[in-house]
K.L.:
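Starting off with a structure, shown below.
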Amino acid sequence: MGSLTDDPDFRATMYVVIDFEATTPAGRPAQPIEVAALALRYEQGDWVEAGRFASLIRPPEFAPVTRFNTLHSGLTSEHLASAPTPAEALGALDRCFTADSRYLLVAQHAATEAGLLYNQREHCPVAARIDLLDTIPLARRLIPGLADYRLDTLLGHYSIPFPADRHRAAADVRVTARVFRRLIEDADREGSVRDLNELVRVAGRTAKAARPAQGELFAL
């Protein structure tokens with residue numbers, strides 16, 4: 001393989017592919033109704049799964065499941081009536097992150113996941129402070145000329161089968177992980193992203209909860 005996967009910093013990092021489904025109440029931030037995560041580490045020339053997590057999330061009363069949500073994901077208010085609260089579900093996710101590992105979150109259009117994590121940071125303070133990699137700018141760098149860089153387009157480009165439960169968090173995490181792995185293979189083959197620092201420059205997104213507050217920028 002090429003230099004990216006030979007980079008010690010790349011190998012020392014756990015990559016956690018994450019996806020949310022959410023409702024979008026008018027005048028309010030999006031509210032999560034499902035989350036899934038899949039942890040991957042690159043070891044001895046191959047990817048190793050290090051853990052996975054999935055949970056439905058009961059939305060607050062001001063953000064009920066809509067007809068669009070049901071058409072999009074199949075989830076209904078009945079599915080979520082007895083689901084864990086955001087504090088319970090995201091608290092459980094947060095406990096999956098241990099102090100002895102270095103993490104980067106991976107997401108398709110990571111701004112969505114970044115925003116949800118930031119808005120729910122009281123329930124998942126550890127996860128909300130982890131920086132992200134976005135597969136979209138990485139794909140733009142490595143596969144120029146596609147009509148667009150939506151997940152469905154990338155699945156088609158790599159001949160990855162569409163899951164039957166597309167738009168459910170666990171299914172989307174699985175196929176996003178496959179896209180991410182293929183992108184890393186392309187980076188290795190082409191030598192166009194040589195180490196973790198360059199990968200972060202191309203596709204990184206700083207977690208909003210990890211950014212200094214405005215007042216801290218001028219602290220002495």
K.L.:
May I ask you to say whether R140 pairs ionically with D134, meaning some side-chain N is under 4.0 Å from a carboxylate O?
P.N.:
no
K.L.:
Only one of T13, V16, D131 passes side chain to side chain contact (heavy atoms under 4.5 Å, CB included) with Y103; say which it is.
P.N.:
V16
K.L.:
Check whether any side-chain N or O of E34 sits under 3.5 Å from a backbone N or O of E21 as a donor-acceptor pair, and report yes or no.
P.N.:
no
K.L.:
Does either side chain, that of Y158 or that of D186, offer a donor lying less than 3.5 Å from an acceptor on the other one?
P.N.:
yes
K.L.:
In terms of the angle between their ring planes, are F10 and Y15 parallel, tilted or perpendicular, with boundaries placed at 30° and 60°?
P.N.:
tilted
K.L.:
Answer with yes or no whether the side chains of D6 and S3 bring together a donor and an acceptor at under 3.5 Å.
P.N.:
no
K.L.:
Without swapping roles, check the side chain of R58 against the backbone of L80 for a donor-acceptor pair under 3.5 Å.
P.N.:
no
K.L.:
Following the transitive rule for hydrophobic clusters with a side-chain heavy-atom cut-off under 4.5 Å over Ile, Leu, Val, Met, Phe, Trp and Tyr, establish whether W47 and F53 coincide in one cluster.
P.N.:
no
K.L.:
Side chain of R178, backbone of P161: donor and acceptor closer than 3.5 Å?
P.N.:
no
K.L.:
Does any part of the side chain of L105, heavy atoms only, come nearer than 4.5 Å to the side chain of L117, both counted from C-beta?
P.N.:
yes
K.L.:
Only one of L132, D195, D9, L133 clears side chain to side chain contact (heavy atoms under 4.5 Å, CB included) with V200; which?
P.N.:
L133
K.L.:
Is a side-chain donor or acceptor of D94 paired with a backbone partner of A127 at a separation under 3.5 angstrom?
P.N.:
yes
K.L.:
Donor-acceptor pair, distance only, cut-off 3.5 Å: does the side chain of D188 make one with the backbone of E185?
P.N.:
no
K.L.:
Do T135 and Q108 have a side chain donor and acceptor closer than 3.5 Å?
P.N.:
yes
K.L.:
Looking at F62, does the NZ or CZ of R28 lie under 6.0 angstrom from its six-membered ring centre and within 45 degrees of the ring axis?
P.N.:
yes
K.L.:
Take atom CD of E61 as the centre, draw a 6.0 Å sphere, and report whether it contains more than 12 heavy atoms from other residues, nucleotides or ligands.
P.N.:
no
K.L.:
So, the side chain of Q120 versus the backbone of Y118: is there a donor-acceptor pair under 3.5 Å, distance only?
P.N.:
no
K.L.:
How about R166: does its CZ atom have over 12 heavy atoms from other parts shown lying under 6.0 Å from it?
P.N.:
yes
K.L.:
Is it the case that T153 and D148 place a side-chain donor and acceptor less than 3.5 Å from each other?
P.N.:
yes
K.L.:
Do the side chain of E113 and the main chain of F20 share a donor and acceptor less than 3.5 angstrom apart?
P.N.:
yes
K.L.:
Heavy-atom distance under 4.5 Å between the side chains of V106 and L40, does that happen here?
P.N.:
no
